[in-house]
2 protein chains.
Amino acid sequence: MEKKETAKERILRVADELFYREGVRAVGIDRIIHESGVAKASFYRSFATKDELVAAYLELRRLQFLGNIEHARKEHPESKLEQLLFLMDYLAERMKRPTYRGCSFMNTIVEFPEPTHPNHAKALESRSDIWDEVTLLAEEAGLPNPRDLSEQIRMLWSGAAMVAYINKDDFKPELFSVAAKTLINSHRVAAV
Amino acid sequence: MEKKETAKERILRVADELFYREGVRAVGIDRIIHESGVAKASFYRSFATKDELVAAYLELRRLQFLGNIEHARKEHPESKLEQLLFLMDYLAERMKRPTYRGCSFMNTIVEFPEPTHPNHAKALESRSDIWDEVTLLAEEAGLPNPRDLSEQIRMLWSGAAMVAYINKDDFKPELFSVAAKTLINSHRVAAV
DNA sequence: AATAATATAGACAGACCTGTCTCTTCCTTT
DNA sequence: AAAGGAAGAGACAGGTCTGTCTATATTATT
């Protein structure tokens with residue numbers, strides 16, 4: 001038997017959708033409460049503050065992204081390089097989805113520019129976590145300068161996320177994955 | 001004799017600095033008024049609304065950026081390709097400055113996610129203007145797929161701007177310019 | 001069936017921000 | 001020197017948002 005969704009889970013699901021689609025600042029508590037069909041008091045029993053809900057939203061996105069990397073690893077267990085290449089295609093595919101609205105961490109960081117703000121700090125930390133994982137992939141692939149390559153991919157991917165969000169109609173996923181592979185290849189050639 | 005700065009110019013200068021450094025939403029009218037040493041009534045005589053001031057700020061940034069491209073053109077009048085390559089180095093140099101806080105257009109777009117909001121629309125338009133100019137440069141350089149290349153550079157540069165803003169300490173400008181040149185080169189090789 | 005615990009609905013306080021308005025001061029022009 | 005116009009200082013209204021609190025309804029337990 002399916003376990004029924006708890007109030008807390010429902011709130012988080014609604015918040016995740018609204019925060020991601022319309023932005024954290026643009027979506028008020030009242031809206032989340034209304035759309036998740038819960039009373040204000042009940043909301044504040046699950047999450048002490050809005051920021052706490054934002055932290056839960058960011059954590060959800062972090063775990064989701066780590067899941068994507070895990071997926072790429074399982075898809076090509078034989079070759080680390082293939083894992084990295086597959087991840088690029090996979091990211092490209094995700095970015096072309098109609099519901100794609102950019103990187104939740106970058107968006108949150110820009111929405112809360114003050115580095116000491118908990119939302120900013122949490123988003124920054126989550127972004128770093130993810131990037132450590134990609135760097136590890138580049139290291140395992142035995143590429144000569146994994147950190148430099150990882151940094152270049154981070155730039156390219158961060159920008160692709162922004163373009164796919166901001167200039168949705170112009171975004172061509174294959175241009176991203178081709179560019180990513182060009183950068184990866186340039187490091188392989190350099191090794192020889 | 002030096003013409004004295006008008007109140008309107010002073011307000012815009014202060015706004016430009018604060019909006020860019022701390023974000024548009026984070027900086028209130030009262031703060032700008034206070035720091036530019038002007039009265040509220042005087043402020044509203046120069047700019048009817050805050051959004052009008054934001055539009056002036058974005059316009060200033062647009063003109064400034066077009067000036068950078070113009071600078072690259074004048075630096076290498078003989079070769080369009082050199083202009084493009086020089087621009088990459090020039091952008092990298094700008095992004096490593098301590099005052100660099102990312103792309104004002106991207107930041108503003110993320111701060112005002114609603115596409116119909118005047119600030120969002122103006123920032124989007126300014127960003128397109130700039131990018132048309134870079135695409136033109138790629139076309140003039142005689143590269144085989146100028147639009148595709150321009151799009152890849154846009155991704156890379158947009159991401160570099162975000163990384164240079166968000167992860168300032170990690171940002172290495174030469175990794176950006178090398179990556180940009182790798183992408184440009186990949187199109188030249190493809191042409192042969 | 002009665003009582004205890006929990007959820008709902010929504011009023012309300014407090015903070016913050018934009019834009020208007022008033023009052024006073026200062027500067028310029030005649 | 002006097003008068004008129006512009007600028008400064010800041011109160012105030014109206015809006016929005018978060019988080020608290022009260023009163024009513026519903027569910028669960030014994």
Side-chain angles (χ1 to χ4, degrees), chain A residues 1 3-58 107-108 110-114 116-122, chain B residues 1 3-16 18-19 21-58 107-108 110-114 116-122:
Chain A
M1 173 191 167
K3 201 158 136 214
K4 207 168 144 215
E5 196 182 36
T6 67
K8 188 166 182 172
E9 286 163 349
R10 192 167 64 253
I11 292 166
L12 182 54
R13 183 172 50 75
V14 168
D16 176 73
E17 192 178 315
L18 292 178
F19 283 161
Y20 185 63
R21 197 172 62 212
E22 303 183 22
V24 172
R25 298 196 93 115
V27 175
I29 286 297
D30 285 350
R31 175 107 178 275
I32 290 166
I33 284 163
H34 193 255
E35 295 208 14
S36 56
V38 88
K40 213 162 192 180
S42 306
F43 170 82
Y44 278 103
R45 220 170 292 124
S46 295
F47 300 95
T49 63
K50 179 181 177 179
D51 286 352
E52 208 169 274
L53 175 61
V54 174
Y57 153 67
L58 293 170
N107 292 350
T108 302
V110 175
E111 282 201 275
F112 297 87
E114 184 60 55
T116 58
H117 193 292
N119 296 349
H120 183 112
K122 171 67 183 169
Chain B
M1 173 190 170
K3 201 158 135 214
K4 207 169 145 215
E5 195 182 36
T6 67
K8 188 166 182 171
E9 287 163 349
R10 192 167 65 253
I11 292 166
L12 182 54
R13 183 172 49 76
V14 168
D16 176 72
L18 292 178
F19 283 160
R21 196 172 63 213
E22 304 184 22
V24 172
R25 298 197 91 115
V27 176
I29 287 297
D30 285 350
R31 176 108 177 273
I32 290 166
I33 283 164
H34 193 255
E35 296 208 13
S36 55
V38 90
K40 214 161 193 180
S42 307
F43 169 82
Y44 279 103
R45 219 171 292 124
S46 295
F47 300 95
T49 61
K50 179 181 178 179
D51 287 352
E52 209 169 273
L53 175 61
V54 175
Y57 154 67
L58 293 170
N107 293 350
T108 303
V110 175
E111 282 201 274
F112 297 87
E114 184 60 55
T116 58
H117 193 291
N119 297 349
H120 182 112
K122 171 69 182 168

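All of these numbers come straight from a predicted model, not from anything done at the bench. Each chain gets a letter, A, B and so on, in the order its sequence line appears, and its residues count up from 1.
No donor-acceptor pair under 3.5 Å is formed between the side chain of B:Glu9 and the backbone N or O of B:Glu5.
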Item to complete: For the pair B:Leu58 and B:Phe19, evaluate side chain to side chain contact (heavy atoms under 4.5 Å, CB included) and give the outcome as yes or no after the intermediate values.
Response: CA-CA 10 Å; B:Leu58 293 170; B:Phe19 283 160; over 6 Å; no
Discussion item. Set out, in order, the CA-CA distance, both residues' side-chain angles and the distance that settles side chain to side chain contact (heavy atoms under 4.5 Å, CB included) for A:Val24 and A:Lys50, then state yes or no.
Written reply: CA-CA 10 Å; A:Val24 172; A:Lys50 179 181 177 179; 4.3 Å; yes
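In the set C:dC21, C:dT20, D:dT20, C:dT20 carries the atom at the smallest distance from any side-chain atom of B:Tyr44.
Contact check for B:Val14 versus B:Val38: no side-chain heavy atoms found under the 4.5 Å cut-off. Side-chain contact between A:Glu52 and A:Thr49: present, with at least one pair of heavy atoms (C-beta onward) separated by less than 4.5 Å.
Rounded to an integer number of Å, the gap from B:Asn119 CG to C:dT18 P is 12 Å. In this structure, B:Phe47 places its CZ atom 20 Å from P of C:dC17, rounding to the nearest Å. Regarding A:Asp30, its CG atom lies at a distance of 12 Å from the P atom of C:dG10, rounded to whole Å. Here C:dC16 presents its C1' atom at 17 Å from CD1 of A:Ile29, a figure rounded to the nearest Å. B:Leu53 has its CG atom 15 Å from the C1' atom of C:dC17, to the nearest Å. Rounded to whole angstrom, the span from the CZ atom of B:Phe43 across to the P atom of D:dA6 amounts to 19 Å. Straight-line distance from the NZ atom of B:Lys8 to the P atom of D:dA6: 16 Å, rounded to whole Å. Summarising the geometry, the separation between NE2 on B:His34 and P on D:dA11 is reported as 13 Å, rounded to the nearest angstrom.
Between the side chain of A:Lys40 and the base of D:dG19, a donor-acceptor pair under 3.5 Å is found.
How far CG of A:Leu53 is from CZ of A:Phe47: 5.0 Å, rounded to the nearest 0.5 Å.
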Write out a two-atom table: protein N or O, nucleotide N or O from nucleotides 3-7 of chain C, distance below 3.5 Å.
unit_1: C:dA7; atom_1: OP2; unit_2: A:Arg45; atom_2: NH1; d: 2.3

